[in-house]
Amino acid sequence: MLEALLALPFALALLIACMTKASRRTIAWTAAVAPLGGLAILGLITPRILDGETVRSTVEWVPAVGLDLILRVDGLGWMFGGLVLAIGALIVLYAAYYLDPRDSARRFFATLLMFMGAMLGLAISGNLLQLVVFWELTSISSFLLIGFWKHRHDARVGARMALAVTGGGGLALLGGVVLLGRIVGSYELDAILAAGELVRAHALYPAALVLILLGAFTKSAQFPFSFWLPHAMAAPTPVSAYLHSAAMVKAGVFLLARLHPTLAGSELFAILVVSTGAATFVISALFAIWQHDLKGLLAYSTLSHLGLITMLFGLSAPMAVVAGLFHMLNHATFKASLFMSAGIIDHETGTRDLRRLGGLRKLMPVTSALAMIATLSMAGVPLLNGFLSKEMFFTEAAAAGDGPISDHLLTLVATVGGVLSMAYSLRFLRDAFFGDAPRDVAINAHEPPRFMRVPVEILVAVCVLVGLLPAFTIGPILEAGARGVLGPDLPDYDLAIWHGFNLPLAMSIVSLVGGLLLYATLQRRTDIHAKQTPQVIKTAYEHVIHGLYRLSCWLTSRIENGSLQRMMVLLVVAVAVMALAPFVQGHALGAAQATQPLPLLGALLWVLIVAGALGTVLLHHQRMKAVIVIGAAGLGVSLAFVVLSAPDLALTQLLVEIATIALMLLAMNFLPQVAAREPRARRLRDALLALAGGSGVAVLTWAVLTRPLDTVAGEMLARALPQGGGTNVVNIILVDFRGFDTMGEITVFAIAGLLVHALLRTAKVSPERAWPDAMRLTIPQVVVQLLLPLAIAVAVYLFLRGHNEPGGGFIAGLVLAVPLLLQYVVIGLGRPNPRLAARVLAMIGIGLLLAVGTGAGAIAFGHPFLTSAHGHPALPLVGHVPLASVMIFDLGVFMVVAGTILLALLSLARAAHPETIAGVGDGDTR
Amino acid sequence: MSPHLAVVPVAGPIALGAVLLLLERFDIRLRRALGVVGALAWIGVGIALVVGAADGAVGAYLIGDWPANLGIALAVDRLSALMVLATALLGAGCLVYACAGWDRCAPHFHTFFQLQLAGLFGAFLTGDLFNLFVFFEVLLIASYGILLAGAEGRRIHAGLQYVAFNVAVSVLFLVALGLLYGVTGTLNMADMAERIAAAPPADLGLIRAAAGVLLVVFCAKAALFPLYLWLPDTYARAPAASAALFAIMTKLGLYSVLRVYSVVFAADAVADVAWPWLLPLGVATLLLSAFGAVAAASLRMLAAHLILFSAALLFVAFALDSAPAVAAGLYYLVHSALAGGALFLFADLVRRQRRHRGDDLTASEPVVQPTLLGLVYLVLAVSLIGLPPLPGFIAKFALLAAIPDAQAGWLFPAVLVSSLLVMIAMARAGSRLFWGDADPEPVRGGTPPEPARALPLAGLFALLGLNVAMALGAQPVLAYAQAAAEQMQAPAGYLEGIRRAEPGRGEVAP
Amino acid sequence: MSADTVFEAVVAALLVVGGAFLFIGSLGLARLADIYQRLHGPAKATTVGIGALLVASMARHALLDEGVDLREVLVTVFLFLTAPVSAHMLARTAFALDPAARPPAPGEPGTSRSGKGEAVTPVQPRDDRAGGRA
Amino acid sequence: MIDTAAIIALCLIAAAVLMSLFRLLRGPSSTDRILALDTLYINATALLVVIGVVFATSTYFEAALIIAMLGFVSTMVACKYVIRGRIIE
Amino acid sequence: MEIAFASAVGVLFAAGIYLLLRARSFEVVLGLTLLSYGVNLLLFSMGRLRVDAPPVLEQDVVPTLAHYTDPLPQALVLTAIVISFAMTAVLLVVALRGRTDGGSDHADGVERDAAPPPEPTDPRDLPRHPPRGGATEGEQR
Amino acid sequence: MKRLLPTPFISIAIAVTWLLLWDSLAPGQLILAAVLAVAIPLVIGGMRGKPMRLRAPGAVLRLLWRVGVDILRGSIDVSQAILGRTSKVKPGFVWIRLDVTHDHAIAALAGIITLTPGTLSAELTEDRGHLLVHALDMGEAEALAHTIKARYESLLLEIFR
Ligand code: NA
Ligand code: NA
């Protein structure tokens, strides 16, 4: 049943969101089902609640983190939920008439119901985390509701401000709740409410308290977070009436009530809550006097009353809690009706400016009468509900003698606040309903449609009824609510109008008379209409937000300046730090063992490599030279591989070297031939970094080289021939032991070729220099044409030999590709050949498929991927031929390598004439 | 379940990529259909792997039927299976989105896409450090492919930085691998872990230095302060589907940190080599990325910073090095990859519906479908800020709950304040995109933008739906994440799983 | 002196001679005055040098009772095929960088001789500055 | 005897490498540098042959073969670049 | 030998890092090429330095690490060479496209710090000696 | 036959290269050599050059002998030039009018000139009528040109008839 209660608004919100074709009226009626249905369900459990029972229901959601959907209706939840639904029902009715035909009723009601559901969920949450969930949902939906008139700048600003403040508070609340849950060991409300002593004694209590209060204060717009509420008045009036008087802003004080048993009772709590409440109470009341906007005045008044309620919860005495809850209800009724009246006035006159309004009692007598009653209730005039709770407030303020805050001070604050409340109520009354007729507005103002006024009438009737007969009307509800907070501590109290002549009554009288005098004085001595209230905090907020934005931009642009050099420097520095750290921490570099003498060849290659590297650095501005010089370093590296027993590496490095030089020069034709020097300071810095990096690497390398090695490779050597079927162990590792690496490697290679092709196919690139007509190279041509077939034979040889001697698919692919490159260099590409690219692409694709297919073939035979098979079948004439499945794999490698290099080189060669190498898939892509 | 399933996510996409390359001369619809069928198949495989790994067994698949330390072993545990599934899900969404038209503009797109998936899957599955490097390279170069194919102008420059930086990082990767091999004599992670545990004290300095270099490598890929500078521009300029898929690439860096520093460097003597650095740097990244989000001038830039933000939060989670924190992190990882990816797709939709303003967060030009896109944005924003009830909240809460008391004092404020900043940024962005004034002087002429078609929306909604599903089904996912985290915290099981794997072939012939 | 010793001596001599020619070739590269002269060094002495070394190598294999490894003939063949092409291209490169150094061909404008056949264009040794400005 | 001769040959080749290196770094023209690189490749071939003699192995034959066959490709490419800018036409 | 080897690797790294930190894309490519030489040597040397022990099995020689050098790093380096070649190709082409698309060969896409080098009239004729007095090379014709 | 072996000389070269590479005359290798000799020229198709016909095998041998001798002889001269005082060297260019017209013959001549120490073929005119030769020690230009034509070109004319 509770699930249905909670699900109803959300389900209807979803339904309304889908009702694209429905009329406004249908939508409004559908929306009304939510609060009415909810009230009906709530009514069903009312007897149990009034008996003091707590109704529970649990739906598991994320038990792993203690986040379950626990619905728990006790007196407080019942009271608050009922308030939310009852006011909600009236708002729906009111809004049905309020909304302009241009407004999207669908969007409005869907969001409104979502909000309603969130509020309801908040009220009946039995799990604090879940409460946070609904809490934030109210922030989100209120953001959408405040910004409902999205075309209005003030609405957008107001919505963002509300979200920033209340949403931020929600995050703080989350933090507080997590801490609370950590202290208690559970997020379930029952457990937390039962653990008050434990919580208050815990070291994390202050942090948790402050975080939770941040949540409550921001939501209830307590000082200094109050500024968002007046700006939220840009919302449509039903929203203001609902969110900003009855429901959302009450969430904060509701939370104070909800967690009262756990959090209250410490000095810290009292000081924080009372002082915040008191400050809000007085300052907002003072500001309210000078508001010229009807809704603005009501907003500040709301702040003031929320301050009052907050103060009451801060006082912590059981009776103060009762008073707080009572005022919560009363405030909801009179303030909601006032907002609705304000909406009617706005609706009919077209303005909410008190300076232009006046004499409305003549134009719309009924509405005026209703509003005036509500205003008097707000002012705390006897016989109305506002008087009763304010009287209780005065009592508690005056009686708070044993608290940390002096009761005299509180008495004074309460009285001053009362005086100010009276004063702004009077201003509201006089400026709106008395005096001259409205100025500069549409004067055909009259009573609103009948049913638009009904909600106001109901609410005002409640004000009067409760004011006259509190014990009969509100008594049981209040008691149930108070029992929900206080449980067995519920005090005896008397909801009578007359308690005899006592201090609170005196304070009331002082308030009313003082307010009257104050207003009269202000009215006579100053021009209220001319004064603008300072918006210190709002301005401060704007400064903060703007400053935050500026700070963010500044910080981000300073850090993310788009410089590759900075990225690289940071990378180098990071590595240096991380590599150095262990040795700074005291680890030894390790003991060196005896080293080998440097052979003559070693010294020679050292010179070659070092000269090549340094020469490249020195000549890097003149790029052509640098490319040639770097070739020497590459040659040195290749020869080092030769000397150090790595023939396969030497071959590969040599061939790659040749291809790299070709690639660089092909690309350099499109790049500047020279580069400017950079500033000296930067060069010096980089040189130092380079020196540090280089020496670091050298030391680490040396440290590894001079220690013993125990590697898995020994077993590879042992298994290579019997199980791998070949004698070139490097090749067997490549195609068998670590064939998976090779598969990835040719994938990389293939992608590189495809990418080069993709990048150059559609690009319009032009060389840096223009050249005269082509030249013929007769003599080289003859040689190259002779060389190519021979080189192919060599490639086949290297491919076949690879498993036993240096060679293999990769090297063979290079040996095929490089002479082809030479062919193109010397003879040229000839006529454009669109099918060339297609063939090369197919070569790459088939190569990849061959490699993967070999692997998959093993699976077909029930072996793991890439398991090799080899044998020596006898062929006629030829004899025993060593055949291995890895040869197919290697063939794939060969095809990918040759295809890719050709594709890359051809793409580059044809870069200036994309039409000649394009061809594949062009029909699709352009 | 066939044991060969483990290799399918690698071999399958490579084969499919090759087939798609061979099919380029045919109608693009054929390639789209095949690609999507493939993507769905990888999801199926991912699910099967997750189901298979759910019991906590570590499945070692010996490629080439060699012992794990001689050949390359794939290792399927809960974590890697989860990552494969997440990648497959994100990939399918992105691919469907890309099929709406971008794949026409980018040559070889479908091949690149499948190969990128292969790289990601391979990196998640491999149990060999050098093989990890290889798959890093596969996915990187494939990512250059889907980033740069069809690119022009500024995107090329962003790509240049991305490529150059990553090539430099790859060099460092090799340095670290070399040093580790030089000291331990093996490349298999489990084998290396055992050898490191038994390493003489004299070797510890070198091992720690290599581990430090490796950490820089992973952190650069995962975009941790101060190594994240390459990310925002690259991601913000990437084509939508690529950027969306990139959302998982930073996560791969994080995965690698988690995997390598939980398994390989688990021995007491080296256990503290990574985490102490990551916590403060993660927090710094968290705050800076949040500031960056506030400062973002375009939706894609915002999205890029949110990717950073999520990575930072993950660093914090993983650095806490406790099962609940890691579990929260893993849940968040999957969620943020899906949501971040969806945001990039969404930004692209916005861009296409606003002719002049693109996805700039400046003065407004209305989108064609304000309600639809507005709702999508709302869901995305709620999810990414970490507001309830979407997974971002659950993850953030779970993380906060997992922060030990000792660190709560500074981590709580950091997480909460940065979340607030992100919220401000997203509220600002959303209200500017959807609530702005109409352009005072709307530019006329040209064909008006069209509403989004079904295909891209399907891709986007798939990701959104997964996100919502992650909230609804948070319990099983979180429970799985918790189990995965516990598995990571107890690497002995992983080592045992690899050690137990026996090749089918006999012993060395005498 | 046995035949083997003589054979060994020949091999050794070939090795030294080969090395020497390589040295001389590179020395020419380093010493000679202009690019056209420098081209001669490596293009020739190296070819001879490597030829000698390869013969030595083949002989050495024969000495080790591995039979004559004819494969090394291929190295020589390929070198002899490619070295002239390199030199040819390098000469043309030098001309491209310094067109003034190229004597006009018979029949080309600027020639003093009427394409009678053997035309000799005396060329003074060029110093570095003039020889190559790139 | 052969070993001694081989060592002498190695020394001579080493000197050749150094002189080529000198020309490579000194230039002055691009042609000189390309020529120097070409010479370095030839010296490398010689080196491989002599190493084969010293180690009494033919493992390095392929490397020598490749340099002899394809070492001049770099030269050709670089020359073509200097002459024509566009290596492949 | 170990010191010489390590120092050569160090020099390659230092030169590579210096060029990597330059502003222009082509220099970055050169730097990465040198770095890849360095890292290939480093990776290779992790099987330790052995002369005349190539891992090509010979008959009658027991296949153990006592007789052959460690083949595994060699296989790794082969993979690394291939990958770095692929990356170099991609980087070069991206640099080329950056230049033709954006008009700048600066790695950041925009000119920073220094004015773009003026193009010599004939780029083959470059000054032999860097000019003194702080002028950039390109200013010399 | 012509379709199967469009360039017989190249096919022979392939077969010989193959057998040299394997250093073997096993039946299997012979078969493979034959297969490759046929297959490779067919595969490379458009990229193969003009067919080349060698006549007068005796002339080929004589040419090889002459070149070999000249290489050895010239090497010593060049060595002296390099080792001696380089300022004494009197280098120079000479254009040689060609009588051979076949590309292969021209290439062979150019190669021989370059391989023979002391001379270097630097350029071929576009019409392939003249070859520019650079001589390290010029001596008498006319004599040099004459020597080249007489010693090599005449034999080449015989071979590439
Ligand atoms: Na191999
Ligand atoms: Na390289």
Side-chain angles (χ1 to χ4, degrees), chain A residues 62 64-65 133 136 147 150 156 160 163-164 167-168 171 175 178 552-553 555-556 560 564 567 570 574-575 578-579 581-583 587-591 704 709-712 718-719 722 737 739-741 744 747-748 751 754-755 758 761 845 848-849 852 859 863-867 920-921 924-925, chain B residues 4 7 11 14-15 18 21-22 24 28 62-65 69-72 104 107-108 134 137-138 141-142 145 149 161 165 182 185-186 202 204-205 208-209 212-213 216 226 229-230 232 291-292 294-295 387-389 398 400-401 412 416 419-420 423-424 427 431 435 474-475 478-479 508-509:
Chain A
V62 204
V65 293
V133 170
E136 292 287 42
K150 55 192 183 182
R156 299 198 297 269
R160 283 215 299 267
L163 183 67
L171 288 173
V178 171
S552 303
C553 289
L555 201 61
T556 307
E560 299 168 19
L564 180 64
M567 299 173 199
L570 287 173
V575 170
M578 291 307 288
F583 307 109
H587 286 279
L589 199 54
V704 177
L709 174 67
D710 168 26
T711 116
V712 294
R719 292 188 185 215
F737 285 109
F740 206 51
D741 273 349
T747 307
V748 170
I751 298 172
L754 295 177
L755 180 53
R761 201 179 80 181
L848 272 180
L849 274 181
V852 181
I859 295 182
H863 299 294
F865 191 73
L866 275 178
T867 304
V920 178
D924 293 337
T925 51
Chain B
H4 302 298
V7 79
I14 294 181
L21 181 66
L22 294 174
E24 276 187 0
I28 196 165
L62 303 177
I63 304 261
D65 208 22
N69 59 345
L70 296 188
I72 291 168
R104 272 182 194 285
H108 311 309
V134 170
E137 298 303 305
V138 172
I141 198 161
Q161 298 193 335
F165 184 76
T186 188
L204 286 180
R208 291 177 69 103
V213 177
V216 171
L229 303 189
W230 59 271
F291 278 116
V294 172
L387 292 180
L400 285 177
F412 265 61
L416 295 175
S419 299
L420 178 62
M423 185 165 71
I424 290 171
S431 71
W435 288 357
Q475 173 59 26
L478 256 175
V508 190

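If you're wondering where the values come from, they're calculated on a predicted model, not measured in any experiment. All chains are named by letter (A, B, ...) in the order of the sequence lines, taking the proteins before the strands, and each is independently numbered beginning at 1.
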Please classify the contact of [X] with chain B as side chain, backbone, both or neither, using a heavy-atom distance under 4.5 Å.
X	answer
A/Leu555	side chain
A/Ala588	backbone
A/Thr711	both
A/Phe740	both

With rounding to the nearest 0.5 angstrom, report the [atom1] to [atom2] distance, [X] to [Y].
X	Y	atom1	atom2	answer
B/Asn69	A/Phe737	CG	CZ	10.0 Å
B/His108	A/Ile751	NE2	CD1	11.5 Å
A/Met567	B/Trp230	CE	CH2	9.5 Å
B/Phe412	A/Leu171	CZ	CG	12.0 Å

With respect to chain B, which residue among [options] yields the maximal number of heavy-atom pairs within a distance under 4.5 Å?
options	value
A/Pro582, A/Gly845, A/Pro864	A/Pro864
A/Leu849, A/Leu755, A/Asp741, A/Val133	A/Asp741
A/Leu866, A/Val62, A/Leu709	A/Val62
A/Leu754, A/Val575, A/Leu570	A/Leu754

Region of [X] that comes under 4.5 Å of a non-hydrogen atom in chain A:
X	value
B/Leu400	both
B/Val7	side chain
B/Ile63	both

Checking the side chain of A/Glu560 only, and the main-chain atoms of B/Pro232 only, is there a donor and an acceptor separated by less than 3.5 Å?
no
Going by atom types only, do A/Arg160 and B/Ser431 share a side-chain donor-acceptor pair under 3.5 Å? yes
For the residue pair [X] and [Y], what are the closest heavy atoms and their distance?
X	Y	answer
B/Ala295	A/Thr556	CB-OG1, 3.7 Å
B/Met423	A/Gly168	CE-N, 3.1 Å
B/Leu478	A/Ala64	CB-CB, 4.3 Å
B/Leu387	A/Glu136	CD2-OE2, 3.4 Å

Sorted by chain and number, sequence neighbours left out, side-chain contact (heavy atoms from CB on, under 4.5 Å) with B/Ile14 holds for A/Met743, A/Thr747, A/Leu848, A/Val852, B/Val10, B/Leu115, B/Ala118
Based on non-hydrogen pairs under 4.5 Å, which of [options] is most in contact with chain A?
options	answer
B/Ile72, B/Leu62, B/Val213	B/Ile72
B/Leu204, B/Thr186, B/Val138	B/Val138
B/Gly205, B/Gly212, B/Gly182	B/Gly205
B/Ala209, B/Gly71, B/Pro226	B/Ala209

Sorted by chain and residue number, the salt bridge (charged side-chain N to carboxylate O under 4.0 Å, His left out) partners of B/Arg208 (sequence neighbours excluded) come out as B/Asp272
